[in-house]
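See structure below.
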Amino acid sequence: MVPSVVNIGCGAGFSGDRVDAAIPVVETLANKEGPKYLIFETLAERTLALAQKHRRKDPAHGYSPFLENYLRPILKKCYETDIKIVSNFGAANPKGAAMKISEIADQLGCKNIKIAIVEGDDLLQVMSSQDIQNHPTIEGLEIGDNEVVAANVYLGARPIAEALSRGADVVVVGRCTDPALVLGPLIKEFGWGEDDWINLATGTMAGHLLECGGQVTGAYFADPGYKDVPDLANVGFPIAEVANDGSLIITKADNTGGLVSAQTVKEQLLYEIHDPENYFTADVILDISKVRVAEVGPDRVKVSGAHGKQRPDTLKATVSIDGGWMGEAEMSYAGPNALKRSQLAIDVLKSRCRDIKTNNPIRFDIVGTVSVHSGDNEDTANSHKYPDDGDYRIRVATCGHDKEIVERVNQEMLSLYCSGPAAGGGFRQHLTDQVQTASILVDRNKIMPKVHFLTGYA
Amino acid sequence: MTLEHMKKVRLHDIAHARAGDKGNRSNISLIPYSAATYEILLEQVTEKRVLELFSNKGASKVVRYELPNLPALNFVIDDVLEGGVNSALNLDQHGKTLSFLLLTLLVEVPVTLTVQNTG
């Protein structure tokens with residue numbers, strides 16, 4: 001029987017998100033009628049490449065390192081109240097994630113839990129590394145001879161729907177489009193066909209609004225005196241109510257902070273959207289150009305008017321290649337004449353860096369003047385807009401494939417302790433292993449997603 | 001309306017915004033607090049002005065999309081992220097803070113217009 005309303009909550013919007021946000025979402029969903037789902041989106045573009053590196057070091061790893069923190073508090077309650085969980089926790093190792101979930105479920109006494117694994121996103125299984133290297137990228141970046149660390153296709157919602165139809169309590173995916181985590185359950189419940197473009201568009205829009213967690217419920221929104229948000233520290237994560245006529249309400253977990261308003265929904269609706277008429281996904285091309293939002297109750301916003309066009313013949317894949325190293329180092333100057341001492345420190349650094357004779361790009365900042373809003377080569381401190389006395393922090397950043405050169409620049413900042421202007425303090429440095437990503441388009445017929453159940457695997 | 005009936009305010013007083021990134025491209029939504037000021041945004045927040053505002057960061061092209069039913073504008077700004085999350089040396093590699101740079105743009109509004117600030 002087709003349900004009248006499907007409720008889908010979101011427990012995480014990125015890999016570093018709050019680990020306790022899902023708890024009130026689950027409490028709220030448990031009291032709802034009809035089918036209930038909880039999604040976790042924890043896989044940004046580059047996260048998968050980092051996961052792949054982990055897996056190479058240890059084949060048991062390479063899935064979301066926070067999986068246990070997210071699931072342990074809510075898994076039992078979800079199992080007992082029939083809330084199905086859908087997530088891209090799998091990252092570079094969906095089977096490893098599923099095994100870990102099974103272990104947690106055993107410990108919590110969730111007997112006979114059915115965990116499904118969606119595979120088929122790993123492009124290296126169907127294309128050689130060399131073919132990928134030679135493939136033109138959307139950004140125009142030449143992959144060349146750089147080692148391909150990871151290459152994964154954004155799968156759509158169909159395999160998730162299949163896993164749920166076959167009885168999964170938990171579905172673990174590696175790479176899929178973020179909205180597919182929401183669209184998959186809707187396809188399963190409502191039986192939407194492959195060319196039901198309007199409904200697929202509405203489900204995709206619901207997924208887009210949910211995939212960043214609190215970003216639609218007042219998080220990443222507050223601007224005191226302009227956009228005030230109640231109890232941001234306990235912001236409630238979103239729940240979408242999708243009806244079988246394709247209508248969509250965004251609301252949030254009960255007894256939480258935050259808010260759902262026309263404003264919060266509009267900001268998230270356009271988040272990371274380029275052409276509003278053409279948002280490409282694996283399942284449909286979403287058109288939000290005519291969408292309307294309306295507040296229909298406290299923390300309840302109705303979103304309508306999504307249109308859909310035939311899905312593309314290609315699927316997008318993210319290719320990750322080694323990106324060398326990034327070095328960053330900082331030092332503080334404070335009190336009388338601090339800005340002049342900061343400027344002198346940067347002059348010293350520039351001179352020392354010239355002696356290193358590298359072509360690597362190097363950027364200098366004085367935090368406290370203009371830093372993030374200035375360009376790479378701007379001299380913002382000399383505009384006389386900032387007081388000589390103050391609390392300033394200088395920063396140098398560089399990147400390159402030669403680790404020693406990158407480290408040398410950081411070392412020059414450190415040496416200011418004894419050899420720079422008066423009273424520099426609070427040195428910190430980072431050296432980060434970089435990943436470069438590029439996007440390629442792959443014929444969708446080459447990609448064959450498969451659903452496995454953990455029991456059949458072992 | 002004549003000049004003496006107008007005042008200059010920052011976009012921050014009449015609209016809100018959020019930035020997102022894809023590679024070396026940023027998109028910034030611009031949403032008026034009141035639907036009545038959408039026309040002001042349409043007239044004054046042009047692709048040319050936005051390109052100028054972000055030129056110090058290397059922006060090469062701006063495309064403005066209109067969403068009259070919300071209402072809102074969506075600006076897509078090319079090459080503004082100094083390489084983007086893969087390689088930018090800027091502290092803010094995603095350009096998350098750029099939404100509030102857009103909100104520094106000055107616009108002329110009727111002196112009678114109430115600006116947003118409840119604090």
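Quick caveat, the model's predicted, so the values are computed rather than measured. Residue numbering restarts at 1 for every chain, and letters A, B, ... go by the order of the sequence lines.
Under the rule for a salt bridge (Lys or Arg N to Asp or Glu O under 4.0 Å), the partners of A/E328 that lie at least two apart in sequence or sit in another chain are A/R395.
Interface remark: B/V85 contributes backbone and side-chain atoms alike to the contact with chain A (heavy atom separation under 4.5 Å). Both the backbone and the side chain of B/D21 come within less than 4.5 Å of a heavy atom in chain A. Proximity to chain B is limited to the side chain of A/V367, based on heavy atoms less than 4.5 angstrom apart. For chain B, the nearby parts of A/D275 are the backbone and the side chain; heavy atoms of each come within less than 4.5 Å. The part of A/Q434 that comes within reach of chain B is its side chain, from C-beta onward, which places non-hydrogen atoms under 4.5 angstrom from that chain. For B/F75, no part lies under 4.5 angstrom from a heavy atom of chain A. Residue A/S320: no heavy atom, backbone or side chain, is found under 4.5 Å from chain B. With a 4.5 Å cut-off on non-hydrogen atoms, A/L269 touches chain B through its side chain but not through its backbone. Interface remark: A/V435 contributes backbone atoms only to the contact with chain B (heavy atom separation under 4.5 Å). Contact annotation for B/L73: only backbone heavy atoms (N, CA, C, O) come within less than 4.5 Å of a heavy atom of chain A. Proximity to chain A (any heavy atom under 4.5 Å) is restricted, for B/I31, to the side chain, taken from C-beta onward. Both the backbone and the side chain of A/Q215 have a heavy atom closer than 4.5 Å to some heavy atom of chain B.
Put simply, the side chain of A/Q429 does not reach to within 4.5 Å of the side chain of A/M413, judged on heavy atoms. Taking the side chain as every heavy atom from C-beta outward, A/I288 and A/M205 approach each other to under 4.5 Å. Residues A/F364 and A/L349 form a side-chain contact, since some pair of their non-hydrogen atoms from C-beta on lies under 4.5 Å apart. When side chains are defined from C-beta on, A/K266 does not count as touching A/L270, because their heavy atoms never get closer than 4.5 Å.
Ranked by heavy-atom pairs shorter than 4.5 Å toward chain A, the options B/V76, B/V115, B/L91, B/L98 are led by B/L91. Between chain B and the options A/P276, A/C399, A/G323, heavy-atom pairs under 4.5 Å are most frequent for A/P276. The greatest number of non-hydrogen atom pairs below 4.5 Å with chain A, out of B/N90, B/V80, B/D92, is found for B/N90. When each of B/H12, B/R25, B/K96 is checked for heavy-atom pairs under 4.5 Å with chain A, B/H12 comes out on top. Ranked by heavy-atom pairs under 4.5 Å with chain B, the first of A/V293, A/V396, A/D223, A/N377 is A/D223.
Although no hydrogens or angles enter the test, the distance criterion places a donor-acceptor pair under 3.5 Å between the side chain of A/E41 and the main chain of A/L43. Looking only at distances, no side-chain donor or acceptor of B/D79 sits under 3.5 Å from a matching main-chain atom of B/N24. A donor-acceptor contact shorter than 3.5 Å links the side chain of B/N74 to the backbone of A/I273.
With no hydrogens or angles considered, a side-chain donor-acceptor pair links A/R363 and A/S374 at under 3.5 Å. No donor-acceptor contact under 3.5 angstrom links the side chains of B/S87 and A/Q436, judged on distance only.
Within 6.0 Å of CD in A/E295 there are more than 12 heavy atoms belonging to other residues, nucleotides or ligands.
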